[in-house]
Structure formats: C-alpha cells, structure tokens
Amino acid sequence: MIETITAVNQAVNQFIWGVPAMVCIIGVGLLLSVRTGFLQIRKFPYAIKTTIGRMFRKKDASDGAMTPFQAVCTALAGTVGTGNIAGVAGAIAIGGPGAVFWMWCSALLGMCTKFAEVTLAVHYRERSETGEWVGGPMYYIKNGLSKHWQFLAVLYSLFGVLTVFGTGNATQVNTIVAAIDTALLEYGVVGGGALSTLNLVVGIAVAMLVAMVLLGGIKRIGSVSEKLVPFMALFYIVLSVGVMVLNFERLPYVFESIIAGAFNPAAFTGGTIGSLFVSMQKGVSRGIFSNEAGLGTGSIAHACADTKKPVKQGMFGIFEVFADTIVICTLTAMVILCSGTTVNYGTAAGAELTISGFTTTYGGWASIFTAVALCCFAFSTIIGWGLYGSRFLVFLCRSDKVAKPFFLVYSFVSILGATMDLGLLWSIADTFNGLMSIPNLLALLLLSGTVVRLTKRIFLHRRADCPQQKEAAALLAKTMCNSLFCYSGRCTGTRATQCTRQSPSLRVFPAAGAGGAPVGGLQKASRPLPIKSIQKILYDTRNFFRAKTAPKGSGSLIFRNFPAQAATAFFQSPYSARVRLFSTRTVHVTIYIRNKK
C-alpha cells in the first residue's frame, strides 16, 4: 500500500513540478506581459521607486492591516527560503552554469505574473470578522469570477492547508536542525550521541518563537518580518559580494559560462551536460519555484497592506521577484562559480555546494555564518506560511475562530519536524504545493482583462494633464473588456461578469439644440451601431458645430455602453478641448458639446 502511494505521488509530483507546469506558468506570464505591454520592463524604475523609496518612510498601518513594506517583507519571508541556497546549487549541478541565464528569463516573466496576483488580491480582498484585510487567490476567484468557478477557490485553499505543515514548516525546521548540527559537530561542541536531545531542544525553541509571532496577529507578523527579512537579506548579500570581490578575476569567465553556457552547456561542463533542454529546464524551474510566481501564495500577504491602490501594491510584487531571484539566487550562483569550488556536474547537489563555496573563499569559520543565514531563511519561511495557512483554513471554515487553534497546531509541528523523519508525508505536501498552481493559473487567465483595465486606469491617470483627459482615461479604463478572448473593448457587464463578446446595445439620443431640432441632424438609433458608425457620427457632429451655419447654444449626446475605441478616437480629435465627459455606474456616457461662434 505504501509503495503504491509513493509511486502515485512520485508520478504526480514529477508532472506538477515538471515540464507541463513550467509551460503553463511561463505561458501565463508571457500572456500577461504581452497584454500589459511588458510592464515589468517599462515600469521597472517606477516599481523600484515605489518599493525601495517607501522603506525609509515611517508610517503606521490602520487596524487589521500592515504597511505596504511590511506586506512585501512578509511575502518575501514566505518566498525566500532554503531553496534560494540549496535549489540554485542543484540547478547548477544538473543544468550547468547556463541554468542561471534561464533562471533570469523565467524571473522576468514571473515579475508580471506576481504583479497580476498582487493587484488582483488587493482589488478583490475583504474585511474579516476581526476587521483584518484578507485576500489572495481564493478571494479573487470568489469575488472576481462567476459562481461556476467557485470550486477553484475551495480547491486552492484545500491544497494550501495540506501544504503548509510540510513545505512551510517541517522541512524548514529540519533545515535549521541540520545547519546547527553540522556547525556544532565541525567544531566539536557536541558529540554525535547528543544530537537527538539537541534537535528536540531546537524544535521546542523554534515552536515557541513561531507561536509568539503568529499569535500576536497580523501586526506582530508584519513587525517581525520587516526587521528579519532586510537583516537576513543584507547579511547574505554582504557575504556573497565578498566572495565576488575576492575572486573578481574570475568574473568575466563566470559571466561567459552563464550566457554562452545557456546555449552550449557541454562547453563549460566538460561534456557532462550536453542537452540545452536540461539546462533550460533546471534554470526555468528554479526561477519559477524560488519566487513562487504562479502559485499565488505571496499575494495573501500583500492583501493585508494598508493601501487603496492595487496596482501600486502590485509593483511590490515585481520587486519581490527581483529581490528573490535576480538578487539572492544570482548571488548564490556567483558564490558557487566565482569561488572555484569543485562542482560535480550531472550529480545532484544541495546546500553543501553553496557552503563549500563560502568556505573555499573565507575558510572553515564561514560555515557558522552560513548556518545563521540558513536558519534565518528557514524561520522566515515558517512565519510566512503560518499566515498563509490560517487564511486557507479561515476561508474553508468561513470563521476567524479557527485561526488561533491553527497557529498552536502549526507551532507544535515544528517539534515533529526537528525530531522525526516523515519523508513520504512531506513529499505528498510538496505535491499539493504544486497542485496549488492549477486553480491560480486558471483564475489569472480569466481575470487578465481586469489586470489590464486596472493598470491602464492608474497609468492613464498619471499621464493626464487636464480634466478632459482624466475623464477620458476614466472612461477608457472603465469600458475595457474583462474577457481574455475578446479584444473589442465592449464590456456589457460589471467587473465580475465576463464580456458577452456581442455588439453592445448602443443607442444615440440627441438632445435638442436651438429651436428644439436634433443636434447635428442625428436621429434615435433603432438598433446597435458598429464602432465605425459611432466614430463617423462623432466626427460629423464635430464638423456640424464648427460650421458657420450651426445654431448658437449647446447640445448633448447620450451614449449607452460607450465603446472604448470610439472614446479614444473622439478624444484624440482636435475638438476634444470643447468636450466634457461624464461616466456613470452603468457605463453610460453623456457628451456635452459647446458651440461658440
């Protein structure tokens, strides 16, 4: 029975964490990048300004919320873990130095995926019974999609609950215990016979610390994260940059091996790794699963941010991927490649390869600092996933009362993780972690139009320099189509209703001009009008009012379900300065045209 479960789990795990998952996640990231005009590249300076620029601002969050910086630190706490040290080493050992290049490529698309997740999480979040902001994939599925898709939210939360105890807790505690044991044994502080007692003590200490942080609520989680994450990141960056500086003469060769090795891995691995696909697969998978873009978990922490601007918080998602993959994972790769430590290509490797890189450069004492970095990374992951697990369970049970009992049970699992080897259970948890990507990716596909609409609204408003342009931007954003497969710009529903992809029920009601005559000779439309006809009417009306024979006074046109293309064409016309635009909740538009002789 156990053998059957193991075989089934291994098959599902290889599928979920293998090529199919990578293709889906990369595909969604590419689609979102195209639809937003590669926002992660165009607006990267703005994202850095928005995120790093806020680090030094002293701001207190409202009740039940974190500051935006605390939110991104909590998300990074759950994202930056032992995989940034062990996972990168494994990618290089199996895929060669070129795997780092493909890791960068996947991170570039992952930035847009994470941006979409965070934007949707903040846009569709709710207030819980205790007054805290709650959000994430299960909430943007619930509030953004129709009732037919609600089962995805339940599946996502269920997979999440089954994941947190293994991936988020026990495996991380096991890493902490292993790092401490290795450091103490190397210096002869303890003997091999005392390790079981030491592991139990470490497990109890971690459990107490985790309980103290999580039971303090969202405020304490945010406060601890904003201090721990910058400290551990800066600590690791300083150690890694030191390795690069001391071996700077190897940097040109290292960059050559990364870039050229991405397309010709055999040239830099002694012929051991001859497949371009293997290098690509290992690099892309490490890039995807180090920053968790596509899994949606980080957006749960971002939803707690005290902000009213989803897109601006989405910029923190871009920064999160940049910090996790482009900075920390790249530095790990540089430590391994610059130090000159021996890499047995084609053979699986883990954290020991990264530690070897540090000790080769600094000496044996560096293992202590590496152990400290591993402990910080692992502990921060435990805290982040503790928050995620409580959100999953609250969503499933529809009650906030289950949060504190969950925190107590979650803390107790730290003791089990430090003292017991439950390999199969943790492997199953890892499989459920991968399954979380399926409902999240489907939701991102279906709500990609909403991401585009929210993005256009914020950046069109930033560009607008007059009231008319601002009103035009508001209309253009409001009438953007939410449907993935419809590019007509004609949305007949609310933000939670998909576009019918049919011609809108557009009718033109001309207001009376001078003498009660219809403005511009327009008549009431008896049937929906195509966009080209609408544009012609607008231009004809503009020419009518500019004619010398036009009557004095002003007139108005009322459009129902006004298409975005017609609004754009009209406001680009020379007559736009004399137009005022008003949009209502029903997406009806009244255009007042003033005529002055």
Side-chain angles (χ1 to χ4, degrees), residues 61-66 71 74-75 78 117-169 210-211 213-222 295-306 310 313 383-413 429 432-433 435-444 446-447 450 494-497:
S62 60
D63 292 339
M66 302 177 183
T74 304
E117 292 172 348
V118 175
T119 300
L120 291 172
V122 176
H123 184 60
Y124 288 116
R125 64 184 177 178
E126 301 175 355
R127 284 282 188 184
S128 67
E129 296 173 358
T130 58
E132 294 182 350
W133 282 117
V134 292
M138 53 279 195
Y139 287 96
Y140 56 70
I141 292 172
K142 171 190 171 186
N143 299 325
L145 299 178
S146 62
K147 293 182 179 179
H148 302 292
W149 299 100
Q150 297 305 302
F151 73 96
L152 291 177
V154 177
L155 280 178
Y156 183 85
S157 299
L158 183 61
F159 292 151
V161 170
L162 296 173
T163 298
V164 292
F165 295 105
T167 302
N169 190 324
V210 171
V213 174
L214 295 180
L215 292 174
I218 197 70
K219 291 282 189 181
R220 188 176 296 172
I221 294 173
L295 297 182
T297 48
S299 65
I300 298 173
H302 286 279
C304 303
D306 185 16
Q313 189 63 31
I383 293 175
W385 276 88
L387 174 65
Y388 302 160
S390 67
R391 295 292 192 249
F392 297 143
L393 200 60
V394 166
F395 182 85
L396 289 174
C397 299
R398 309 293 183 186
S399 173
D400 289 320
K401 296 180 180 179
V402 298
K404 288 191 175 182
F406 166 80
F407 287 146
L408 292 174
V409 174
Y410 183 79
S411 302
F412 177 75
V413 171
F432 283 121
N433 187 18
L435 288 171
M436 293 171 67
S437 65
I438 297 176
N440 183 55
L441 291 176
L442 284 173
L444 289 177
L446 296 171
L447 292 172
T450 302
T494 64
R495 69 184 185 186
T497 305

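For the numbers below, each heavy atom of this structure counts, side chains included, while hydrogens, waters and symmetry mates do not.
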Q.
Among residues at least two apart in sequence or on other chains, which ones pass side chain to side chain donor-acceptor pair (under 3.5 Å) with Thr297?
A.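 Glu292.
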
Q) Asn440 versus Leu295: any side-chain heavy-atom pair under 4.5 Å? A)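 Side chain of Asn440 against side chain of Leu295, heavy atoms only: no contact under 4.5 Å found.
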
Q) Quick one: are Leu152 and Leu442 in side-chain contact, heavy atoms under 4.5 Å? A)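 Yes; the side chains approach each other to less than 4.5 Å.
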
Q) Would you say the side-chain atoms of Ser157 pair up with the backbone N or O of Val154, donor to acceptor, closer than 3.5 Å? A)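 Here the side-chain-to-backbone pair does not exist.
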
Q | Donor-acceptor contact present, side-chain Asn143 to main-chain Tyr124, <3.5 Å | A |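 Pair found, side chain donor or acceptor close to backbone of Tyr124.
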
(Q) Working note: Glu117 + His302, criterion side chain to side chain contact (heavy atoms under 4.5 Å, CB included); need CA distance, chi angles, decisive distance, verdict. (A) CA-CA 9 Å; Glu117 292 172 348; His302 286 279; over 6 Å; no

Quick one: list whatever passes side chain to side chain contact (heavy atoms under 4.5 Å, CB included) with [X], sequence neighbours left out.
| X | answer |
| --- | --- |
| Ala71 | Met66, Ala305, Gln313 |
| Ala121 | Tyr140, Ser299, Ala303 |
| Leu155 | Phe151, Phe159 |
| Ser411 | Val210, Ala211 |

For [X] against [Y], the heavy-atom pair lying closest together:
| X | Y | answer |
| --- | --- | --- |
| Leu214 | Ile383 | CD2-O, 3.8 Å |
| Pro137 | Ile300 | CD-CG1, 4.1 Å |
| Gly389 | Val164 | CA-CG1, 3.6 Å |
| Phe395 | Ala153 | CZ-CB, 3.6 Å |
| Met436 | Thr163 | SD-OG1, 3.9 Å |
| Ala443 | Ile141 | CB-CG1, 3.5 Å |

Pairs in or reaching into [range]: which pass salt bridge (Lys or Arg N to Asp or Glu O under 4.0 Å), with residues at least two apart or in two chains?
| range | answer |
| --- | --- |
| residues 396-406 | none |
| residues 148-161 | none |
| residues 140-156 | Glu126-Lys142 |

Q) Listed by chain and number, what are the ring-ring contact (aromatic ring centres under 6.0 Å, His included) partners of Phe406, not counting sequence neighbours? A)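 Residues passing ring-ring contact (aromatic ring centres under 6.0 Å, His included) with Phe406: Phe165, Tyr410.
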
**Q.** Set of residues satisfying salt bridge (Lys or Arg N to Asp or Glu O under 4.0 Å) with respect to Arg125, sequence neighbours excluded
**A.**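 None.
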
Q: Carefully, step by step, assess Thr119 and Thr450 under the rule side chain to side chain contact (heavy atoms under 4.5 Å, CB included).
A: CA-CA 9 Å; Thr119 300; Thr450 302; over 6 Å; no

Q: Enter the distance from Tyr156:OH to Ser437:OG here, rounded to the nearest 0.5 Å.
A: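 Nearest 0.5 Å value for the OH-OG distance: 9.0 Å.
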
Q | Distance in Å, Leu158 CG paired with Phe392 CZ, rounded so as to fall on 0.5 Å steps | A |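 Leu158 atom CG to Phe392 atom CZ measures 10.5 Å (nearest 0.5 Å).
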
(Q) If you apply the rule side chain to side chain contact (heavy atoms under 4.5 Å, CB included), what do you find for Val161 with Leu396, and how did you get there? (A) CA-CA 9 Å; Val161 170; Leu396 289 174; 3.9 Å; yes

